Amino acid sequence: MLLHFREQGQGTPLVILHGLFGTLDNWQTLARRWADAGHRVISVDLRNHGRSFHSPEHSYDLMSQDVAALFDHLGLGPDTTLMGHSMGGKVAMRFALDHPDRLARLIVVDIAPRLSDMAHQDDIVAGLNAVPLASLENRQQADEALAQHIRWPDVRQFLLKNLYRQEDNAFAWRQNLPALTQHMSAIGAEISAPQPFLKPALFIRGGKSDYISPDDKLHGIPALFPNSQVETVLDAGHWVHAEKPEEVFGLVAAFIGA
């Protein structure tokens, strides 16, 4: 099964992978700008997300294989840059370590290769599972159900982008919520490899985020990505690209030669 993707622009390829509970739409404004700057930009829905296929299995090994199949389908060569945010960043790291010959460079947004504590996702998972899809009449009711577990309106609005009406007019989630709930520990898994990725790698971290720690910057990231640089976007949290799009656009454009 092939991942759902959206392609725009011409030039050297840039493949973008979203984070947990996200979709390719989260990156469309920036993707369009990189395409206008002279790149072939492919935005991807990872398995169990967006309009890509649902599977009972969810692991970084499998998601790396999914991305490899998409590279084959699109005929992407070794001049490709792969970028991922959060969970998508771990997929990108896994792919780079598995297939270093298929990339020119790697970009990772606000995630480190170490084991991630997924306890902070408990309220989000509980909120999503608490939405009564069978009896839901409108999006406001879904927001009210989420609010019992998630107090941040911006997070709720991000999650509600996944809510849609099926052909029978009933509401459903685009993401495969049962599979993601079951495999939450796998989503936090460490990325490791016997050999490092020696090509250029850019890590972008939010200055107000703790997903990349000082120890990650000094030890964890260089151990696997010795030719890497870590750039901090001040006054940005985990969703760096949404909070500070100009800064992220500039960092990526400089790194890939836009």
Side-chain angles (χ1 to χ4, degrees), residues 6 8-9 11-46 49-50 81-93 96 105-114 116-117 120-121 123-124 150-162 187 200-218 220-222 225 227-258:
R6 184 178 299 155
Q8 53 194 318
T12 54
L14 170 65
V15 178
I16 305 175
L17 310 178
H18 61 79
L20 179 63
F21 301 126
T23 73
L24 60 80
D25 290 333
N26 303 146
W27 282 88
Q28 276 317 285
T29 300
L30 283 170
R32 192 177 304 114
R33 291 185 64 187
W34 287 314
D36 291 343
H39 292 277
R40 178 189 178 191
V41 182
I42 298 107
S43 307
V44 181
D45 280 335
L46 293 166
H49 289 78
T81 300
L82 180 61
M83 176 168 68
H85 170 244
S86 197
M87 180 189 74
K90 284 196 166 182
V91 177
M93 285 188 271
R105 60 190 68 81
L106 171 72
I107 304 173
V108 177
V109 182
D110 211 57
I111 198 73
R114 64 174 159 84
S116 303
D117 181 2
H120 64 284
Q121 299 287 349
D123 288 342
I124 290 177
I150 305 164
R151 62 185 178 90
W152 303 281
D154 55 339
V155 175
R156 297 201 303 272
Q157 290 308 306
F158 166 76
L159 295 169
L160 286 170
K161 291 178 181 179
N162 288 289
I187 294 169
L202 170 66
F203 285 73
I204 301 173
R205 65 177 293 271
K208 298 190 294 185
S209 171
D210 60 2
Y211 280 72
I212 294 179
S213 69
D215 187 65
D216 294 324
K217 184 176 179 179
L218 287 172
I221 291 171
F225 305 97
N227 190 15
S228 63
Q229 61 192 87
V230 179
E231 298 289 345
T232 299
V233 178
L234 299 177
D235 298 321
H238 184 53
W239 284 280
V240 192
H241 54 293
E243 297 175 37
K244 296 288 184 178
E246 288 297 328
E247 287 83 347
V248 171
F249 174 79
L251 286 169
V252 171
F255 185 66
I256 64 178

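Below, all heavy atoms of this structure are taken into account, side chains as well, without hydrogens, waters or symmetry copies. Remember, it's a predicted structure, so these values are computed and weren't measured experimentally.
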Side chains of [X] and [Y] in contact at under 4.5 Å (non-hydrogen atoms):
{"X": "Arg156", "Y": "Leu159", "result": "no"}
{"X": "Trp27", "Y": "Trp34", "result": "yes"}
{"X": "Gln229", "Y": "Phe255", "result": "yes"}
{"X": "Lys161", "Y": "Asp25", "result": "no"}
{"X": "Met93", "Y": "Val108", "result": "yes"}
{"X": "Leu24", "Y": "Ile16", "result": "no"}

To the nearest 0.5 angstrom, please state how far the [atom1] atom of [X] sits from the [atom2] atom of [Y].
{"X": "Ile187", "Y": "Gln121", "atom1": "CD1", "atom2": "CD", "value": "8.0 Å"}
{"X": "Ser43", "Y": "Gln8", "atom1": "OG", "atom2": "CD", "value": "6.0 Å"}
{"X": "Gln157", "Y": "Ile150", "atom1": "CD", "atom2": "CD1", "value": "11.0 Å"}

Is the side chain of [X] donor-acceptor paired with the backbone N or O of [Y] at a distance under 3.5 Å, no angle test?
{"X": "Asp216", "Y": "Arg114", "result": "no"}
{"X": "His39", "Y": "Thr12", "result": "yes"}
{"X": "Lys217", "Y": "Glu231", "result": "no"}

Please report the closest heavy-atom contact between [X] and [Y], naming both atoms and the distance.
{"X": "Ser228", "Y": "Ile221", "value": "OG-CG2, 3.5 Å"}
{"X": "Leu20", "Y": "Met87", "value": "N-CB, 3.7 Å"}
{"X": "Gly88", "Y": "Leu17", "value": "O-CD1, 3.7 Å"}
{"X": "Arg205", "Y": "Thr232", "value": "NH1-OG1, 3.1 Å"}
{"X": "Ala92", "Y": "Gly84", "value": "CB-N, 4.1 Å"}
{"X": "Val109", "Y": "His85", "value": "O-CD2, 3.3 Å"}

Which pairs with one or both residues in residues 12-22 pass salt bridge (Lys or Arg N to Asp or Glu O under 4.0 Å), sequence neighbours excluded?
none

Looking at Asp45 and Arg6, does any basic side-chain N land under 4.0 Å from a carboxylate oxygen?
no

Name each donor-acceptor pair under 3.5 Å that joins a side chain in residues 233-242 to protein atoms two or more places apart or in another chain, with its distance.
residue: His238; atom: ND1; partner: Asp110; partner atom: O; Å: 3.4
residue: His238; atom: ND1; partner: Asp110; partner atom: OD2; Å: 2.6
residue: His238; atom: NE2; partner: Ser86; partner atom: OG; Å: 2.9

Check Ile107, Ile111, Ile212 against Ile204 for a side-chain contact (heavy atoms from CB on, under 4.5 Å) and give me the one that passes.
Ile107

